[in-house]
Amino acid sequence: MKKWLYVLAALVVLLLLGVVALTQLVDTDRVKRLLVEQTREKTGRTLVIEGDLSWRFFPSVGFTLGKTSLLNPPGFEQGATLSVGEVSLDVALKPLLDNRLEVGQAVLSNARLHLITHKDGSTNLDDLRNLGQKSAEPQTAPAPDAQASEAGPKRELQFVSLAGIKVTDAEVLLQDERSDTLTRLNRVNISLDQFAPGQEVPLTLSGNLFSDEVQASINTSGTLWLAPEYDRLRLDNLTLNAGVTGRAVPGNKALTLSGNLAYDMTSKQAGFTNVTMSAGSLTLDGELQVDHGPEIPEIRFNLHTPLLDLEQLSAEWSSEQGGSDSATTSTDNASAKLPPSVAASEPDLSILNKLDVQGTLAADLLNVQGMEMQGVSLEVKVRDGKATASDINASLYQGSLQGEVSLNANHNPASFMLNTQLQNVNGFELLNDAAGIDSLEGRASVALNVAGRGLTERAIKKSLTGTSRVEFADGALRGVNIAAMIRRGYAQVKGLPVPNDNEPQKTDFSALTADFDIGKGKVSTQNLNLASPLLRVKGEGETSLLDSTLDVLFSTAIVGTLKGQDGESLDELKNITVPLRVSGTYQQPRYTLDMQQVFDLYLKEKASKEAERVKRKLNEKLGDELGDKINEKLPGLFDKLGL
């Protein structure tokens, strides 16, 4: 037992002697001086090490530096681009005894990176882009140890490699003088398993982001490739998870992103490929490019989504002041369901002045205002406070849609324009889904060209101006049987039994057309025309967008054979114009036949026929010669008698 104790004691003594010898043989001041000189040689920057460089023997052998700062280059404010509270370096012992510094892992604690972008786009990191070229320049090999004389100078310690980097509890400040903004990231933790330019190495990063518009917690990982010239990098198999909130992101949103990122430090361009991202109910995939060199970053994209539900997204991204609850509130007789984004207070669109966005978006399915569209594609452009969606194409309700929409946020309130054409759609399904209107069916084609100012529901309805052309073919008016109404009215006028009201409440037509003028909160028409085998209907009137009320007068003419009770023909009403008034609302229209006018027309027609009959009888009895003499002696008598 004592023998083992002696052996253990000897090992401890040897270890202590080794530690003492190591601290004596390796000059830490030389290591410190090497770091400063290598930094100046490689970057042209000044490295300030305020604390001493001390040995560390647990949990591994290495150095610990006190507060260390890399100062800003000329042309930038005084201060440090990068400062570190403590730097811990693991080193390999054998190369160190041979004046070779091989660092295993560098641990940076309480680091602070301050990135400054001047108004001309230059940054305090631009000069570091040449780091790779400088390091790649051939250097004179040191003289072999055998050739160094004892009287000659000592061979300087040479830096060889850095295995990995670990950053704990760091802070990053992004100061952009072009937009006068400051973005801060704190509690940043980075782990890079190996620092090896030209090779792919695993990377993990986490931290918290704070800006005027957004706050987020971020966790990301991927495989880093850094060019030997230090001017390009890639992050392959990138995965990012973030919890986001803030003024631009109401509530709390979970954001996920995956794909491959390539970044060019010289051109300041980032490219995302094989992108898949999700935020709330929105999922996108495709490609994305960002150029942050200009004062306003340029974003270009080609993205696809399986489902674009504008109403759901609007509810998710509406502010507390204009949330989904208040957004869906409207009058009981609302003519159309507007999405929450346009149903509350005027939104803040100032962000459109800070965007330069252009790209294509495709959606397998689009839901908007209760309508479903398939195979949607459009071109999106946002610049100088204006947003446009052009070349819109979609399939919907067995038909097609083409159009464009634009928004100008440089006005207050914002102005908008919509120009769209619907071709050969199922009119009943479209109107029922879009506005809850179930009174009209047929194959429909609609042209709509409108503009307005304001994005609240009331502002849109009050300011909307423009025109529309509507054409329906092979359809029907549901909820009213005009022929049956005329038959019932005829029976009442004639004093006949009123037919039972058990016929289908539907008026078939071969065509219905109308031109509409839109303005001052109303939609009016002067040329509504409906054609059917029995009827010809002309209409004029208006409807209010504000309360959805209808006031339309149809002038109905019987042009076919209209059967009455017991199948008798109502020839007496043929070619007589019968007025039919439509009131109520879009969802619940009321049809009223003007019986007084029908009665007056009937009496006038009856009196005319009776006068003709009397005149004919007089002519038969008195003869034409006597009738001519009476008319000669008493001119106008027959006219006064109605003969």
Side-chain angles (χ1 to χ4, degrees), residues 301-305 307-314 335-343 349 352 357-383 385-409 411 414-435 437 440 442-455 457 459-461 463-473 513-519 523 525 545:
F301 65 88
N302 183 1
L303 296 173
H304 159 267
T305 178
L307 172 63
L308 187 60
D309 192 328
L310 296 185
E311 198 158 345
Q312 176 67 24
L313 287 174
S314 183
S335 62
K337 297 177 291 184
L338 293 178
S341 60
V342 297
L349 300 175
L352 296 183
V357 178
Q358 187 172 345
T360 60
L361 177 64
D364 296 335
L365 182 64
L366 168 66
N367 290 337
V368 53
Q369 292 186 236
M371 296 183 293
E372 286 190 356
M373 306 182 192
Q374 301 84 33
V376 180
S377 64
L378 63 153
E379 299 281 340
V380 177
K381 185 175 182 180
V382 181
R383 185 177 174 85
K386 299 177 181 179
T388 61
S390 58
D391 293 330
I392 302 173
N393 290 277
S395 299
L396 72 166
Y397 302 101
Q398 301 92 54
S400 63
L401 175 146
Q402 296 84 37
E404 61 179 336
V405 61
S406 65
L407 178 67
N408 188 343
H411 307 297
S415 60
F416 62 89
M417 182 277 294
L418 172 65
N419 186 358
T420 185
Q421 296 82 39
L422 294 169
Q423 296 291 332
N424 200 33
V425 299
N426 186 316
F428 174 76
E429 293 182 2
L430 173 65
L431 291 173
N432 195 32
D433 289 347
I437 299 174
L440 191 59
R443 306 304 300 181
S445 295
V446 180
L448 179 65
N449 190 347
V450 293
R453 293 192 64 171
L455 298 180
E457 180 178 354
I460 289 175
K461 292 180 178 181
S463 68
L464 200 65
T465 60
T467 60
S468 179
R469 171 72 178 177
V470 176
E471 298 178 356
F472 274 78
T513 63
D515 292 299
F516 294 96
D517 291 320
I518 305 169
V523 179
T525 180
L545 292 173

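Reckoned from all heavy atoms, side chains included, excluding hydrogens, waters and symmetry mates.
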[X]: what forms a side-chain hydrogen bond (donor to acceptor under 3.5 Å, both in side chains) with it, not counting sequence neighbours?
X: Thr360; value: Asn302
X: Gln398; value: Asn426
X: Asp309; value: none
X: Asn393; value: none

Mind checking whether [X] and [Y] have side chains closer than 4.5 Å, heavy atoms only?
X: Leu448; Y: Thr467; value: no
X: Asn367; Y: Leu310; value: no
X: Tyr397; Y: Asp433; value: yes
X: Met371; Y: Leu430; value: yes
X: Val357; Y: Phe301; value: yes
X: Gln423; Y: Gln402; value: yes
X: Asn419; Y: Val450; value: no
X: Phe416; Y: Leu455; value: yes

Not counting sequence neighbours, which residues clear side chain to side chain contact (heavy atoms under 4.5 Å, CB included) with [X]? List them please.
X: Val376; value: Ala363, Leu366, Met373, Leu378, Ala394
X: Thr525; value: Ala514, Phe516, Asn527, Leu528
X: Val405; value: Ala389, Ile392, Leu418
X: Ala459; value: Glu346, Thr456

Verify, without hydrogens or angle tests, whether [X] (side chain) and [Y] (backbone) share a donor-acceptor contact under 3.5 angstrom.
X: Arg453; Y: Ala414; answer: no
X: Ser463; Y: Gly452; answer: no
X: Ser468; Y: Ala447; answer: yes
X: Thr305; Y: Leu307; answer: yes

**Prompt:** With sequence neighbours excluded, what pairs up with Arg469 under the salt bridge (charged side-chain N to carboxylate O under 4.0 Å, His left out) test?
**Reply:** Glu471, Asp515

**Fill in**
OG (Ser377) and CG (Leu361) are apart, to the nearest 0.5 Å, by 9.0 Å

**Message:** Surrounding CZ of Arg383 (heavy atoms of other residues, nucleotides or ligands, distance under 6.0 Å), is the total greater than 12?
**Reply:**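 Incorrect, the count does not exceed 12.
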
**Message:** Determine whether Leu545 and Ile460 satisfy the following criterion, side-chain contact (heavy atoms from CB on, under 4.5 Å), listing intermediate values before the conclusion.
**Reply:** CA-CA 10 Å; Leu545 292 173; Ile460 289 175; over 6 Å; no

**Message:** Can you give me the closest heavy-atom contact between Leu352 and Ala409, atom names plus distance?
**Reply:**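 Distance-wise, the nearest heavy atoms are CD1-CB, 3.8 Å.
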
